[in-house]
Amino acid sequence: MTSIQRPSRTARTLFRLRDLLAVPTGVGAAARAAVLAGLCLTAIVALQSATGIGHLASSLGSTVIVAFLLPDSAFARPRVILAGHAVSSLTGWTVAALLGPSPWAAALAVGLSIVVMQALHCMQPPAGGDPILIVGADPATAVASVAIGAVVVAAAAWLYRFGRGSVRASGS
């Protein structure tokens, strides 16, 4: 009589994780994305509170929607999340340093960030809002806030993609 081996505890945990992270269509997908987005944003707020950085960029709300509701989108790739937010933030910081805070400077910074993201192949549409925050607030604090958020969202997006089995060998 042949005995059937049970999967290891680690394998069973990974299988449960994959079941949890499966992306169905419809309301279930939206509910799962909402829960994961809320957890991700809560982690960002906790880290920002711990570091004394108090801005929560609205662009990160849009980024978590893309990362968890459309995880196979090119915009949900961790590299694109990090690079897009970095480019937009640095563009906003540069424009703020040159022109000071104004609605005109914010509009210019958004336009420039789009051009630079496109040129660098890191288009992250939600990151287009970063320069508005950065030009209108203390640039150093706002850039640090966006950086913390982008790192947390990119890491969560990578874990989510990994758990679903959609991370390629390149890690994106």
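All residue numbers in this chain count up from 1 along the given sequence.
- Distance alone, capped at 3.5 Å, is enough to place a donor-acceptor pair between the Arg161 side chain and the Pro71 backbone.
- Counting heavy atoms from C-beta on, the side chains of His85 and Leu60 come closer than 4.5 Å.
- Follow the hydrophobic side-chain contacts under 4.5 Å out from Leu108 and you reach Leu98 in the same cluster.
- With rounding to the nearest 0.5 Å, the separation of OG in Ser145 from CG in Asp138 is 11.0 Å.
- Cluster membership check: Val116 does not share its hydrophobic cluster with Val135, using side-chain heavy-atom separations under 4.5 Å among Ile, Leu, Val, Met, Phe, Trp and Tyr.
- With hydrogens and angles ignored, the 3.5 Å screen pairs no side-chain donor or acceptor of Gln48 with any backbone N or O of Ile148.
- Taken together through direct or relayed side-chain contacts under 4.5 Å among Ile, Leu, Val, Met, Phe, Trp and Tyr, Leu99 and Leu112 form part of one hydrophobic cluster.
- Of all the heavy atoms in Ala150 and Leu82, the pair that sits closest is O-CD2, 3.6 Å.
- The shortest side-chain heavy-atom distance between Leu47 and Thr51 does not fall under the 4.5 Å cut-off.
- For the side-chain contact (heavy atoms from CB on, under 4.5 Å) criterion with Thr63, the lone passing option out of Ile81, Val146, Val80 is Ile81.
- The distance from atom CG of Leu70 to atom CZ of Phe75, rounded to the nearest 0.5 Å, is 10.0 Å.
- The two residues Cys40 and Val64 have their closest heavy-atom pair at SG-CG1, 4.0 Å.
- In plain terms, the two heavy atoms of Ala109 and Gly92 that are nearest each other are CB-CA, 3.9 Å.
- Val143 is listed as a side-chain neighbour of Ile134, based on a closest heavy-atom distance under 4.5 Å.
- Contact annotation: the side chain of Ser59 never approaches that of Leu133 to less than 4.5 Å [non-hydrogen atoms, C-beta and beyond].
- Note that the CZ atom of Arg79 and the CD atom of Gln124 stand 11.0 Å from one another [nearest 0.5 Å].
- Minimum heavy-atom separation, Ala67 to Tyr160: O-CD2, 3.9 Å.
- The two residues Ala105 and Val95 make their nearest non-hydrogen contact at O-CG1, 3.3 Å.
- A donor-acceptor pair is defined here as one N or O able to donate and one able to accept, closer than 3.5 Å; such a pair exists between the side chain of Thr94 and the backbone of Leu90.
- In plain terms, the two heavy atoms of Ser89 and Asp130 that are nearest each other are OG-OD2, 3.8 Å.
- Formation of a donor-acceptor pair under 3.5 Å by the Ser88 side chain with backbone atoms of Ala127 is found in this model.
- Annotation: side chain of Met123 is in contact with side chain of Ile114 (closest heavy-atom distance under 4.5 Å).
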